[in-house]
J.: 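So that we are looking at the same thing, I have put the structure below in structure tokens.
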Amino acid sequence: MKKYDPKSIEKKWQKYWEKNKTFEVKEDTKKQKFYSLIEFPYPSGVGLHVGHPRPFTAMDVISRKKRMEGFNVLYPIGFDAFGLPTENFAIKTGRPPAEVTAENIANFTRQLKALGYSFDWSRAVDTTDPTYYKWTQWIFLQLYKHGLAYKKNQPVNWCPKDKTGLANEEVVDGCCERCGTPVEKRDKEQWMLAITKYADKLLDGLKEVNYITPARVQQENWIGRSEGAVVRFTVIPSEARADEESLSQPIEVFTTRLDTIFSGTFLVIAPEHPLVKQLATPEQKKAVEKYVQETAQKTDIERTAEEKDKSGVFTGSYALNPATGDKMPIWIADFVLAQYGTGAVFADAHDERDFAMAKKYSLPLKVSIRPADDALWERVQKLEECFPSEGTLVNSGQFDGLTSAEAREKILPWLEQKGMARRQINFKLRDWVFSRQRYWGEPIPLVKCENCRKKKYNYILLHGFKGSSQGIFFPRLKEELEKQGHTVFAPDLPNPMQPNIEEQVKSVLEKTEINENTVIVATSLGGAVAMNLVEHLKKTIAKLVLVDCFIRPEFADRARPEVEQSFNWQFNFEKIKKNAKEIVLVVDKNFPVIPENQAREMMKAMHASAQFVEPVAQHFTNDGQEPEILKALEQTGWIPLPESELPLKLPKVEKYEPTDTGESPLSAMSDWVNTTCPRCGGPAKRETDTMPNWAGSSWYFLRYADPNNDKEFASMEKLRYWMDGNPVTPTTKEESLAHSPTDGQRSLVGASLARDDKRGGGVDWYNGGMEHTVLHLLYSRFWNQFLYDIGVVPTREPYKKRTSHGMILGPDGEKMSKSRGNVINPDEMIEQFGTDAFRAYIGFMGPFDQAVKWDTNGLVGVRRFLDRVWSLQERVIASEERAKQSPRQESKGEIAASPSAPRNDKITTLLHQTIKKVSDDIEAMHFNTAIAKLMELTNEMMKEEKISNIQYQILIQLLSPFAPHIAEELWELYGDKEILAYSPWPKFDPELAKESMITIVVQVNGKVREQLEVPADISEDEIKNQALASEKIQKWLDGKEPKKVIYVRGKLISIVV
RNA sequence: GCCCAGGUGGCGGAAUUGGUAUACGCACAACACUUAAAAUGUUGCGCCGCAAGGCAUGCGGGUUCGAGCCCCGCCCUGGGCACCA
């Protein structure tokens, strides 16, 4: 036997795997796929640190086991390489970030390969590669075209050190998440992504995925859904106020505690509330202005620092409580947040903040919720104490005696009837600031064209069934468009009650000219008129806007024969697509009459972009304005690049420093910035903001499915296989077993499927850091859901299962950092102890989801274990003997049971217990206990003079996910011909795992007094007799008669005297 | 303040979820091998006690034949959210 030499063994097998492409995978519909994913690393200049291998090793262990269980396993790797550290390095050294990135990736690749991970390297992606970010840009354009990306001037979080805008999520305690500098507010035009439109979907989706609880809870909290109502408070007219007219509108307040409305005694609005100026009476004007100015100067930290000391100012105005009719003074205070709800609250004695405010400024308070505790009620009534919890209603008129929850359900319709309230759901989630004023990110593929912005069009507005040109939002839209300088033609279509589409088309064509300056806006049945009209044109029009239209007269509520008979309902979508340069659908996402799949079909058939919105009135029937339609028609001058011009590559610049004006370094590149408009050919300027780091990582898992595709970001076919392949939705155990990939593995695979893969599709298992559970996970779920909505990915949710690893701390128990000098370098550890020992120690060091201290001594212990496994070779029965005793044809389980390994063989029993333990523990990420069991087995084998070849094989296989190199080496010597990585995972036999003799513990009054070694199949009576007859027990019974004798099968006997 | 985790030997941690608390590893000690050391192997190792035995899973109660695990009330540590109406 040679000495165990990890260095040569590890090099040998890493070479072998690479040369033989052992872990490269292809779509194979005959095999069930398993997609395991890790968060791809940021290739920093300092290389891999010891924290990286923890999640990578964990998923490698799982991937290797799944492979042996017969799954077609995709375990990909890539690099998330855009971002600040590289850019900052470039600024410091003057070297191009692309060059630095390439070097860093090469170094990371070397280190990762040395760790023996079973990645499919052929699928590696790099977010900074133009062939990758082409598709990041493409996805952004889809978002833009569907109305989910918009530019907005708004206060943004500005980091004065990094000179960049930050998303809300990147601001921690009012400071920059990256550098810790206090964040300032700055007004800046920023690209925003309307993630709030997906708030409900993102929340709902959490129900169908299997995320570890903290991850799910954190997402739920971040989305922050709360159910409540918006209540209207009429402002009492006052001659003192200058701008009386604008106050005809009431102040709206969002509340989740409508049950407390009867104790509402004053209103508080945010300093940024739009009505602040109008509400201030002349006497209060100065004080109000001063207060508003003061709060504007405070940073967020300062504002929240004075949490207990509520400051505020009276506006001088009053409103009416819609429930009681009471006169309520209107105050301004900075504890009310402009961004949440309506930026206004009604204040009462049942909220700590309101209570504190009222006490400070001697504002009126009354009490309408009674606690169960009488003493507390006493104090609450005297206004000595605030009672913010729920209770029973008092002083609330007809609602007295109801509980808080009951009252909310009764008060809402009561106020609704009076037109003073409506049900409302509110979210904490904010839209995503998507602009960065930086160089090292994906350029935003839009140009600004003044020509297109100012261009005037000829609009044609087409109404629907039973409609007219004077109905719904048409008159206001016409007025608005004409004000902007467009011409508008809004005809009354003939026979609106008994329409004939072809007749209506004819009448439109007779009355107006149609050309390339024409924009048609059609609503409902008008859509059929518009589409039929466009279909038969000989020329093209500029734009076709279809507002809640349909292509088949199918309605969810009832049939409409007049609509059915109005047309033959045949469209040539190809022609429509050709004749309209741009087609936009605006869809009422809550209108149940027209099934949503119609809009989806139209999107597909005509390459239309669709905006699913909430109109003012259902089906856009408001007779005032419909702002979503105005928005869809708005000429911002932002023109998307055509797909053929993607990728829009980053130009090489001289200097990477951000400018002090807050513009990106790209803005200095006039050659690049000045371009031509892809729509009109006139002069245009490129957007110089770049995308945030989160962009590339929001969809990389999709690219892995088809990384070299240059026609699409990934083909639907490949996505179907890897994201949704052989979807398994077992309802019973039997059913789940039927999906097992190969025979002979059923019990294990079936069990794991039944537990983990309950619903939906997506990446089968995604492990990542807790620091990414809010942002990255939410953003990538948002993008995936959006891509699902436009029909280009197969699953609504991207990740079926999400787990998280704990941090690895330095030997001193502190977070590893250069400045502390407690950084462990994985390269050194591998050099000293070998990759296998390192990997096994990573698994063994502690519970996977908890933070653990690094302890090199522990690594020494694991290395000793591998040495013992190696030295077990001495005990393996010689080969001739082996051939006799373990014929190859037999399956592993049978061999273990064969005469060479007798039924009561201690090793066989322990071996099968170990198969079970290791199999289950890997699934549960209990790597530490799996390895402990393998150590136990090895220690037992060390005590034997001889072990069978097959027993040794099984040990090697069970060890292989953790220590793949030593395992392959030993497998080559003692295993089958084919490679270990694809050998079938050992089969657990419950019969063989059973012990023949068991230890029964005998307790007297709860204390252990005796242990009995008995046959496992002993009867209850027999063991009870034995226990009572035992000398020791007799002594403890001391002649007394037992009151009770309890037998727990196979475990213990409890005697009570 | 609110929401998650968690608290077990000298240390990292086990415990089939109500059934022998301390598996496995580290550290430590003794012994074997060795001229010696390292490596390796064997044995011991929660605390008190000579022993019989008693006491131990953050603290205090409770339920139970039996509690690390369940219930009630506290304390501490880590993480997240934080004036969200």
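Chain identifiers are assigned alphabetically (A, B, ...) following the order of the sequence lines, protein sequences preceding nucleic acid strands; residue numbering begins at 1 within each chain.
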J.: B:rA15 pairs with which nucleotide, Watson-Crick or G-U wobble, both distances below 3.5 Å?
T.: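 Because no pair has both required distances under 3.5 Å, B:rA15 counts as unpaired.
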J.: Considering just the side-chain nitrogens and oxygens of A:Ser871, establish if one lies under 4.0 Å of OP1 or OP2 belonging to B:rU40.
T.: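 Indeed not, no polar side-chain atom of A:Ser871 lies that close.
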J.: With both distances kept under 3.5 Å, what pairs with B:rG1, Watson-Crick or G-U wobble?
T.: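 Paired with B:rC81.
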J.: Please state the P separation for the pair B:rC45 and B:rA30 - nearest whole angstrom.
T.: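 Per the computed distance, 16 Å lies between those P atoms.
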J.: Distance check: side-chain N/O of A:Asn939 vs OP1/OP2 of B:rG25, anything under 4.0 Å?
T.: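 Answer yes for this pair, as a side-chain N or O of A:Asn939 is under 4.0 Å from OP1 or OP2.
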J.: Determine whether a donor-acceptor pair (one donor, one acceptor, N or O, separation below 3.5 Å) exists between the side chain of A:Lys853 and the base of B:rC11.
T.: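 No, the side chain and the base share no sub-3.5 Å donor-acceptor pair.
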J.: How do A:Asn857 and A:Phe346 order along RNA chain B: which one's closest nucleotide is nearer the 5' end?
T.: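 Upstream on the strand: A:Asn857.
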J.: Could you check whether the rings of A:Trp694 and A:His772 sit parallel, tilted or perpendicular, using 30° and 60° as the cut-offs?
T.: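 Perpendicular.
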J.: Would you please classify the geometry between the A:Trp331 ring and the A:Tyr361 ring as parallel, tilted or perpendicular, with 30° and 60° separating the classes?
T.: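 If you compare the ring of A:Tyr361 with that of A:Trp331, the planes turn out tilted.
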J.: Could you tell me whether B:rG60 is syn or anti, where syn means a glycosidic angle within 90 degrees of zero?
T.: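 Anti conformation here, the glycosidic angle of B:rG60 being more than 90° from 0.
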J.: With respect to the phosphate group of B:rC84, does any side-chain polar atom (N or O) of A:Arg353 fall under 4.0 Å of OP1 or OP2?
T.: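 Result: yes.
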J.: So what's B:rG66 paired with, Watson-Crick or G-U wobble, going by both distances under 3.5 Å?
T.: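 Per the H-bond distance test, none.
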J.: Give a yes/no on whether any side-chain N or O of A:Arg257 is located under 4.0 angstrom from OP1 or OP2 of B:rC84.
T.: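 Result: no.
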J.: Of A:Lys943 and A:Glu936, whose nearest nucleotide on RNA chain B comes first from the 5' end?
T.: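 Nearer the 5' end of the strand: A:Glu936.
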J.: Rounded to whole Å, how long is the line connecting atom CD of A:Gln913 with atom P of B:rC24?
T.: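 Taking atom P of B:rC24 as the reference, CD of A:Gln913 is at 14 Å.
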J.: Taking OP1 and OP2 of B:rG25, is either one under 4.0 Å from a side-chain nitrogen or oxygen of A:Arg864?
T.: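 Negative; the distance criterion is not met.
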J.: Quick one: which of B:rG13, B:rA85, B:rG25 gets closest to the side chain of A:Tyr340?
T.: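 Among the listed nucleotides, the one closest to the side chain of A:Tyr340 is B:rA85.
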J.: So, does A:Lys917 get its side chain near the phosphate of B:rA14, meaning an N or O under 4.0 Å from OP1 or OP2?
T.: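 Checking B:rA14 against A:Lys917, no side-chain N or O comes under 4.0 Å of OP1 or OP2.
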J.: For B:rU17, measure the glycosidic angle (O4'-C1'-N9-C4 for a purine, O4'-C1'-N1-C2 for a pyrimidine) and name it syn if it falls within 90° of 0, otherwise anti.
T.: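 Syn for B:rU17; the angle stays within 90° of 0.
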J.: Can you tell me how far P of B:rG78 sits from CE of A:Met770, to the nearest Å?
T.: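 Interatomic distance, CE of A:Met770 to P of B:rG78: 17 Å.
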J.: Using Watson-Crick or G-U wobble geometry with both distances below 3.5 Å, tell me the partner of B:rG46, or none.
T.: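 Partner of B:rG46: B:rC55.
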J.: Can you tell me if A:Lys1007 touches the phosphate of B:rA56, counting only side-chain N or O atoms and a distance under 4.0 Å to OP1 or OP2?
T.: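 False: A:Lys1007 side-chain N/O out of range (4.0 Å or more) of B:rA56 OP1/OP2.
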J.: Between B:rG25, B:rG13, B:rA85, which nucleotide gets closest to the side-chain atoms of A:Pro847?
T.: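 Out of B:rG25, B:rG13, B:rA85, the nucleotide with an atom closest to A:Pro847's side chain is B:rG13.
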J.: Report yes if at least one side-chain N or O of A:Arg1009 is closer than 4.0 Å to OP1 or OP2 of B:rG53; otherwise report no.
T.: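 For A:Arg1009, the contact criterion (side-chain N or O under 4.0 Å from OP1 or OP2 of B:rG53) is not met.
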